[in-house]
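Note sheet for the following structure.
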2 protein chains.
Amino acid sequence: MSKQMTEMLKGTLEGIVLATVALRPAYGYEITARLREEGFSDIVEGTVYALLIRIEKRGLVDVEKVPSEKGPPRKVYSLNALGIEYLEEFWGTWKFLTERIERLHQEIDNQQKQGD
Amino acid sequence: MSKQMTEMLKGTLEGIVLATVALRPAYGYEITARLREEGFSDIVEGTVYALLIRIEKRGLVDVEKVPSEKGPPRKVYSLNALGIEYLEEFWGTWKFLTERIERLHQEIDNQQKQGD
DNA sequence: ATCTACTACTCTGCATTACTGAGTACCACT
DNA sequence: AGTGGTACTCAGTAATGCAGAGTAGTAGAT
């Protein structure tokens with residue numbers, strides 16, 4: 001993982017995982033695997049599990065233990081009402097940030113065009 | 001500042017400041033003020049100054065001391081070749097992240113529409 | 001002259017978060 | 001017994017932003 005990406009994930013990985021769970025309930029190992037498929041190739045399991053415990057403690061998700069055919073029981077997480085609310089807030093914060101960064105990017109772009 | 005925004009700024013504030021300086025050279029107090037005007041109303045000075053010292057140490061910016069009419073001399077930062085390269089990398093990482101988050105957002109949106 | 005206010009930069013300690021790297025446990029197959 | 005894949009846990013570390021205080025320079029008010 002590039003250092004840049006690691007730092008950028010701080011504050012966004014939580015939203016990404018909440019959104020993943022919002023799409024459909026999932027357990028840690030599955031979430032980690034899905035993130036890796038999505039291109040976050042170097043996400044470590046420990047990071048995801050720690051995050052899941054965090055959001056569980058904050059009461060954003062409900063947890064259900066489900067036996068697995070191939071290993072220890074799975075902790076299946078699903079977004080509850082508080083989690084949905086929190087995810088909405090995340091989209092808002094994210095939108096605010098992307099708009100400002102996008103604006104900066106375009107200002108630089110325009111400047112470069114004028115410099116030709 | 002919301003806790004969400006604080007965490008989200010980790011890893012992105014650096015790019016925001018680099019982009020701000022790329023637009024035109026600037027000094028710390030000015031950058032802080034500009035960020036506040038842009039909507040990052042609760043950015044603290046200490047954060048920006050610490051970040052500037054960091055990117056200076058990494059050799060991403062050049063610094064020039066310029067006397068001020070109204071206070072201590074200003075440290076004017078401008079992006080150098082290495083900084084420009086680094087900023088390009090930032091845009092790449094940022095694009096990767098926004099694409100994936102945007103995709104997640106739309107998948108949830110589509111799901112909600114189907115759920116009607 | 002000194003007090004206040006604004007400009008401008010610095011510094012220490014803290015909270016949060018992701019990574020590293022190791023460990024535990026359960027099951028299937030050889 | 002040993003290997004490999006599934007599934008979760010945990011201690012220690014690095015990086016970053018915030019809180020809050022401090023230092024300094026200039027100008028105008030008291």
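All heavy atoms count here, side chains included; hydrogens, waters and symmetry mates do not. Numbers restart at 1 for each chain; the letters A, B, ... are given by sequence-line order, proteins then strands.
In this structure, B:Lys3 does not reach the C:dA15 phosphate: none of its side-chain N or O atoms is under 4.0 Å from OP1 or OP2. Within the structure, every side-chain polar atom (N or O) of B:Ser68 is placed at least 4.0 Å from both OP1 and OP2 of C:dT7. Side-chain N/O atoms of B:Tyr27 include none lying less than 4.0 angstrom from OP1 or OP2 on C:dC9. The side chain of B:Arg54 contributes an N or O atom lying less than 4.0 Å from OP1 or OP2 of D:dG17. Listed pair B:Tyr29 / C:dT7 meets the phosphate criterion, a side-chain N or O lying under 4.0 Å from OP1 or OP2. For the pair A:Thr47 and C:dC19, the criterion of a side-chain N or O lying under 4.0 Å from OP1 or OP2 is met. B:Lys10 has no side-chain polar atom (N or O) that falls below the 4.0 Å cut-off from OP1 or OP2 of D:dC18.
Among the heavy atoms of the strands lying under 4.0 Å from A:Gly46 is at least one base atom, whether or not backbone atoms are also near. Counting non-hydrogen atoms under 4.0 angstrom, A:Glu30 reaches nothing in the nucleic acid.
In the model, A:Gln4 has a side-chain atom that pairs as donor or acceptor with a side-chain atom of B:Thr93 under 3.5 Å.
Between D:dA7, C:dA18, D:dC18, one nucleotide has an atom nearer to the side chain of A:Pro72 than all others, and that is D:dA7. Closest to the side chain of A:Lys70, out of C:dA18, D:dT6, C:dA8, is D:dT6. Among C:dT17, C:dC9, C:dA25, the nucleotide with an atom closest to any side-chain atom of A:Glu14 is C:dT17. Out of C:dC19, D:dG17, D:dC18, the shortest distance to the side chain of B:Leu13 is found at D:dG17.
For A:Ile43 and A:Gly71, each mapped to the nucleotide of DNA chain C holding its nearest heavy atom, the one lying further toward the 5' end belongs to A:Ile43. Residues A:Glu7 and A:Arg74 each lie close to DNA chain D; by heavy-atom proximity, the contact nearer the 5' end of the strand is made by A:Arg74.
Ion pairing between a basic and an acidic side chain is recognised when a charged N comes within 4.0 Å of a carboxylate O; A:Glu14 and A:Arg58 show such pairing. Salt-bridge check for A:Arg34 with A:Glu38: failed, with every basic side-chain N at 4.0 Å or more from each acidic carboxylate O.
Because its NZ or CZ atom is both nearer than 6.0 Å to the ring centre of B:Phe96 and within 45° of the ring axis, B:Arg100 counts as a cation-pi partner of that residue.
Between the P atom of C:dA18 and the CD atom of A:Glu45 lies a distance of 16 Å, rounded to the nearest Å. Rounded to whole angstrom, the span from the NZ atom of B:Lys65 across to the P atom of C:dA8 amounts to 13 Å.
The residue from A:Arg74, A:Glu64, A:Lys75, A:Lys65 that alone fulfils the side chain to side chain donor-acceptor pair (under 3.5 Å) condition with A:Tyr27 is A:Arg74.
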